Amino acid sequence: MFSEQAAPTAQGLLAPPAGEPPTFPRVAVGGYSDCSQPFQLGERSFSRQYAHIYAVRLAGMRPRLERRARGRWGDDIALRRLSELQEGEKCCVVGTLFKAMQLQPSILQEISEEHNLVPQPPLPKYIQPCDELMLEDELQRIKLEGAIDVQRLVTGTIVAVLGCEQDDGRFLVEDHCFADVPPPLPWSGPSSDRFVLLASGLGLGSVSGEALLSTQLLVDVVTGQLGAEGEQSCAAHITRVILAGNLLSQNTQSRDTINKAKYLTKKTQAASVEAVKMLDEILLQLCTSVPVDVMPGEFDPTNYTLPQQPLHRCMLPLASAYATLRLVTNPYQASLDGVRFLGTSGQNISDIFKYSSMDDYLEILEWTLLAGHISPTAPDTLGCYPFYKSDPFILTECPHVYFCGNAPRFQSKLLQGKEGQRVLLVTVPDFSATQTACLVNLRDLSCQPITFSSFGADSED
Amino acid sequence: CHKVAVVREDKLEAMKSKLSTVASVHVYSIQKALLKDSSPLYNTDYDIVKANLQHCSKFSAIHCAAAVPRTPPDAPRAPPPAPSPPRQRDPDGAVNGHGPRAAKPPPQQHKGIMGMFAAKAAAKAQDTAKEAKAEAKEAPGVSAASSKPPTKNSIMNNFFGKAAMNKLKANSVPEQPKEEKEVVKPSVAVAEPESSPNTVTEKPGKKTESVRIQQKDKKSKTKRADRSDDEEERDPDNVKKKRKRIKQLVSDSSDEEDVPPSPTPEEERAPSPPPEPALKTELEPASPEVSAGGRKRKRRRVLKSKMFIDEEEGCMGKTG
């Protein structure tokens, strides 16, 4: 992509300059529209129970699942509620999955005095062979067994199961299905090469400064200050930069101030203050040259529950003077040049990773698309706002680019759906660890990683 | 996979042989002594960038027409002018910086404020024109936040600008001896968001550019009017009320900043009678009026303490 176009002028800057250097106008954004209104919360009220979100989720996804069930198992299949089940009758039930896990951190157990438990240290995975799967609908729940992979599935998924009720009260599953890829959006992408740079996990404010030069190189490439003329003209085709979360590093989250006495911590500054200043400068450099969308992540100064609200403008005084800076919500959805982007900063995927046997971030990303829901584990194990009117995480339309940030490595896949959907799945790697960002070409939905490296004290390549 | 790497000279050929196509090669840095690792590269780059934060894209080959600073927050209150998307304005092969733009119809702004500020700006422009250093190109970063020390910046209606400016205050003093070529951002630029373009056309081309930029800002700002903040301590209801407040805040800022009396005489110097003489009389006495007075006082205090927090570096306990 980049390389072939730029190669002819590769050596251009090794010779004395010849006359007026060319300038390249940044390719204008064809059409941008922000579609993340469902994720923007206005007035927030936490007085509701979380049961409502499950109720609206089930109600919202039930029609689609019933259609899928009929399509898969025949039109004459009996669709029953759990309360209408009869023993031995083969039928199909649509409901929410609940996985009972022993190792799942439970705050009630922790604070309960009779158990005298020490709080459990965070584990990479909380799955165990003895986990059990249950299906819940509006009124009842039933234990599932049979042809269903208990380890793989997570709580909160809406599923349709085909089977029959046993005499011991369990449901023997013969087959199950999910909502599948949502209906496709019409394709109206650009006809020429337009790139979007996806990066996440800049990790500013960390103790080690190794990734800082790479971050600066990234900014320089995008603003066209690095590379010979061919490379610069390619960089001018980058129409947008999306920073998918974790702009600040985990080190800025130090909570010592909570434990120490006030007189010790009165004059200390939070570590995030310096980091945000650094972020402001980096964003300013980017904003003077390219539109930037900034999504908050797990360690960024915004709310913890999903959907995370945009970072506040006052924290970025220099950069927010520019109209090219857009501060957006955590699940972020937008239409760039006719191409629909949908992505998160990775909390949903890493949460599913913890509670499922799936190991591959790309696989989990694909699975969420097939399950029709961005983050099924919210609110069970992932903090979530108590929605009650509708669940905004249900996937109603199939995006063209579906990404998640802060993945351990870069992966991408072009998924073809049955109804003609074409989705590019991208796991954006953590930049502070991998120094890799992704370039998505909007014309043909291809993706290329771009790595930055510098030389270290030890002379390895 | 596209790789961007900074390599030492002796490793260059080895690296090139590992790449399938070499898209570009150029010198990144030269030093007197062999570097152990790349941290000096970053540190030097960081220092230079920090010193030139507002012109960071000046020497870049890529010019983004959309990257214009927003006007200070009172602009979105103006009725939206004829929408012409700023993106269509390609530089047409102009070198970095802004070529002269075609004249545009003046947007409909609050005539009262315009009158006041236009005259003020005209007066100020005379001063700053003499002082402005010979930097032909105006960087795209003409924003309120970027304005030079507050000597002329009484019209700081940008709260963020204020906060950032106080930080810049500390930086700018050591910067001045370093940077001779530093463009003294004419504070005209700050005043100009409010100035009507009528007066602008008489000014030299540089100022014209900045006004165009500001006008573009207005347009892009009004497009993003939905994003204009609620956190701003302004009520977006009554137009007349807004004007009052802006005026009072102007006098606030002129009081609060350690500014030589230049702002106030300039305000008084405004010759053209504004259509609302009431506004003018409000300016001169800094004393607040009855109804908005209490609120104004409170807001002033909040403003002060906000600045306080910035200067005091992290006294989180201090509240306004």
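Chain identifiers are assigned alphabetically (A, B, ...) following the order of the sequence lines, protein sequences preceding nucleic acid strands; residue numbering begins at 1 within each chain. Treat the numbers as computed from the prediction; the structure is a model and nothing was measured.
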Segment of A:V219 engaging chain B (4.5 angstrom heavy-atom cut-off): neither

For B:E9, look at atom CD and say whether over 12 heavy atoms of other residues, nucleotides or ligands are found less than 6.0 Å away. no

Gap separating the NZ atom of B:K50 from the NZ atom of A:K277, nearest 0.5 angstrom: 7.5 Å

Do B:V4 and A:S453 have side-chain heavy atoms sitting under 4.5 Å apart? no

Which heavy atom in B:V49 sits nearest to a heavy atom in A:Q216, and how many Å separate them? CG2-NE2, 4.3 Å

For B:Y28 against A:L213, the heavy-atom pair lying closest together: OH-CD1, 3.9 Å

Would you compute the distance between atom OG1 of A:T451 and atom NE2 of B:H2 and round it to the nearest 0.5 angstrom? 9.5 Å

In terms of heavy-atom pairs under 4.5 Å with chain A, the winner among B:V27, B:D45, B:N43, B:V7 is B:D45

If you count heavy-atom pairs under 4.5 Å between each of A:P449, A:A236, A:P291 and chain B, which one has the most? A:P449

For A:L212, is it the side chain, the backbone, both, or neither that has a heavy atom closer than 4.5 Å to a heavy atom of chain B? both

Does the side chain of B:Y46 come within less than 4.5 Å of A:M278's, by heavy atoms? yes

Check each atom of A:L218 against the heavy atoms of chain B and say whether the ones under 4.5 Å are side chain, backbone, both or neither. neither

